[in-house]
2 protein chains.
Amino acid sequence: MSEVSGGVLERTKNEEAEFVQPLVLGDRLKQIRLSNNLTLADVSEMTGVARSTLSKIENHQLSPTFQVVQKLVEGLSIDIPQLFRAAPADAGGASRRTWTKHGEGTPHPTATYEHELLCTDLSQRKMVPFKTTVRAHSFSEFGDWVRHDGEEFLWVLTGPVAVYSEHYEPLVLDTGDCMYFDSRMGHALVSPGETDAEVLWVVAR
Amino acid sequence: MSEVSGGVLERTKNEEAEFVQPLVLGDRLKQIRLSNNLTLADVSEMTGVARSTLSKIENHQLSPTFQVVQKLVEGLSIDIPQLFRAAPADAGGASRRTWTKHGEGTPHPTATYEHELLCTDLSQRKMVPFKTTVRAHSFSEFGDWVRHDGEEFLWVLTGPVAVYSEHYEPLVLDTGDCMYFDSRMGHALVSPGETDAEVLWVVAR
DNA sequence: GTAAATTGTTTCGTATTGGAAACAATTATT
DNA sequence: AATAATTGTTTCCAATACGAAACAATTTAC
């Protein structure tokens, strides 16, 4: 093995081609079909896959070609994860939801930003969303790069916003623009305009 | 056609087997393989798929069986969406940052939503952001709950939006409100007002 | 520089898929 | 009830996927 550079893939070995879910696909297809009151003929017409083939798939009598899977996904206008994840059952009591009304987040001011933390009353989240008012009006107001693990997505609610980041030229985003970047790369926001800028910010760990 | 109950699937017709992305899969596989410094032999060992087959897939000389796709997904320990996401092109730069200007995302229509995928030219993201126009104007337009792994955050750009979710009462959010919830819990958005609603949506796996 | 090893590609034979059509099993229609 | 339509299943065969092995094209070893 040519040195797997500590990347994404070093985990598995797959001792012996044990299938992930040999059945799920057919079951899922049937489930989707029935829950929409479709016949095999309907699905056949929508997807261009023969009735017979569909039948065999649903009954686990064959492993469809990727082409066929594509036709199904396209023709039924469903997305791939939806087709593969077993979607039955009750989600096992994983019912978690919360919301924050406009302006009612938790204030969290820093030297250069005015954060409003959102949806904080749900713990153990994969993402941390907040709305931020950018007070800084020049890059020199920053001491050093902000840098941490994770990834960030931001959407400009009120622009313009200048994005400074390591290894890159500054970039100016305006209202409705958005950006995604690796948080380990040093970054900072500046409001080049007259007024303070506002961005919606989501950080994933 | 046995009355498609105005459900999820009435959109497409797929006149003639026009492929969705005949290339993407092979390209994506190669990309993943190379970015991890793996040889075809490595991947073959990890997945149990023959070198020759892998070569053909990468060169678009065949459409692999679903079984093979499963072996790839399992053996390389990547997830399905990741495998199907379009190759990252040039990105907004060399490595880990990209942006999307207002309205220039990738359209992805479904029966009830009009998604605009954002920042797609960065692969292997922890989050998938998109802007969505909610077309559905009644809950009955949905065939079944949307349900998948992960968590979601959404911010209402243009309200009102009614959020339906399993185990809960419907909740109406207005412009500037936001919400966070577990994606395994069935969910659906409806635009109760006259016009279509718009939300900014971020999904984390 | 030559040999050996490693890499990706290409044959080629076998096994499997996938569609047309025949079949069986229900459901509608008269 | 008999007939026709509609549904899902099964045959059959052409088309195609898949793997073993041969083949090139590099790279590494000596």
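Below, chains carry the letters A, B, ... as their sequence lines are ordered, and counting in each starts from 1.
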Apply side-chain contact (heavy atoms from CB on, under 4.5 Å) to [X] and list each qualifying residue two or more places apart in sequence or on a separate chain.
X: B:L40; answer: B:R33, B:R51, B:L54, B:S55, B:E58
X: A:A162; answer: A:Y164, A:V172, A:V190, A:P192
X: A:L171; answer: A:L173, A:M179, B:R97, B:W99
X: A:T98; answer: A:C119, A:D121, A:L122, B:Y180

Residues that B:Y113 engages under ring pair (Phe, Tyr, Trp, His ring centres under 6.0 Å), provided they are two or more places apart: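 Ring pair (Phe, Tyr, Trp, His ring centres under 6.0 Å) check on B:Y113 returns B:H115, B:F142, B:W201.
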
Non-neighbouring partners of A:F153 that pass ring pair (Phe, Tyr, Trp, His ring centres under 6.0 Å), sequence neighbours left out: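 Counting only residues at least two positions away or on another chain, A:F153 forms no ring pair (Phe, Tyr, Trp, His ring centres under 6.0 Å).
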
To the nearest Å, how far apart are [X] [atom1] and [N] [atom2]?
X: A:L54; N: C:dG19; atom1: CG; atom2: P; value: 8 Å
X: B:L40; N: C:dT10; atom1: CG; atom2: P; value: 12 Å
X: A:L34; N: D:dT7; atom1: CG; atom2: C1'; value: 12 Å
X: B:N37; N: C:dT6; atom1: CG; atom2: P; value: 17 Å
X: A:L72; N: C:dT17; atom1: CG; atom2: C1'; value: 14 Å

Sidechain N-carboxylate O distance under 4.0 Å for B:R135, B:D196: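 No, B:R135 and B:D196 are not salt-bridged.
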
Short side-chain N/O contact to D:dG8 OP1/OP2 from A:N59, under 4.0 Å: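 For A:N59, the contact criterion (side-chain N or O under 4.0 Å from OP1 or OP2 of D:dG8) is not met.
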
side-chain N/O B:S55 vs C:dT9 OP1/OP2, d < 4.0 Å: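 Affirmative; the distance criterion is met.
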
Can you give me the N/O atom pairs linking the protein to nucleotides 25-29 of chain D at distances under 3.5 Å, or say none if there are none?
none

For A:S183, side-chain hydrogen bond (donor to acceptor under 3.5 Å, both in side chains) partners two or more places apart: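 So A:S183 forms a side-chain hydrogen bond (donor to acceptor under 3.5 Å, both in side chains) with A:E152.
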
Aromatic contact, B:F130 with B:H108 (centres under 6.0 Å):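 Ring centres of B:H108 and B:F130 not closer than 6.0 Å.
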
Within residues 165-174 of chain A or reaching into it, pairs that qualify as salt bridge (Lys or Arg N to Asp or Glu O under 4.0 Å) - sequence neighbours excluded: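 Salt bridge (Lys or Arg N to Asp or Glu O under 4.0 Å) check on residues 165-174 of chain A returns A:R147-A:E166.
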
Test salt bridge (charged side-chain N to carboxylate O under 4.0 Å, His left out) applied to B:K131 - qualifying residues, sequence neighbours left out: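 B:E198.
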
Contact pattern, 5' to 3', of nucleotides 14-21 of chain D - B, S or - by protein heavy atom under 4.0 Å: ---SBBBB

Rounded (10°) bend between the five-pair end axes of the helix from C:dG8-D:dC23 to C:dT30-D:dA1: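 Nearest ten degrees gives 30° for this helix.
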
Nearest listed nucleotide, side chain of B:R33, among D:dT10, C:dG8, C:dT9: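 The answer is C:dG8.
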
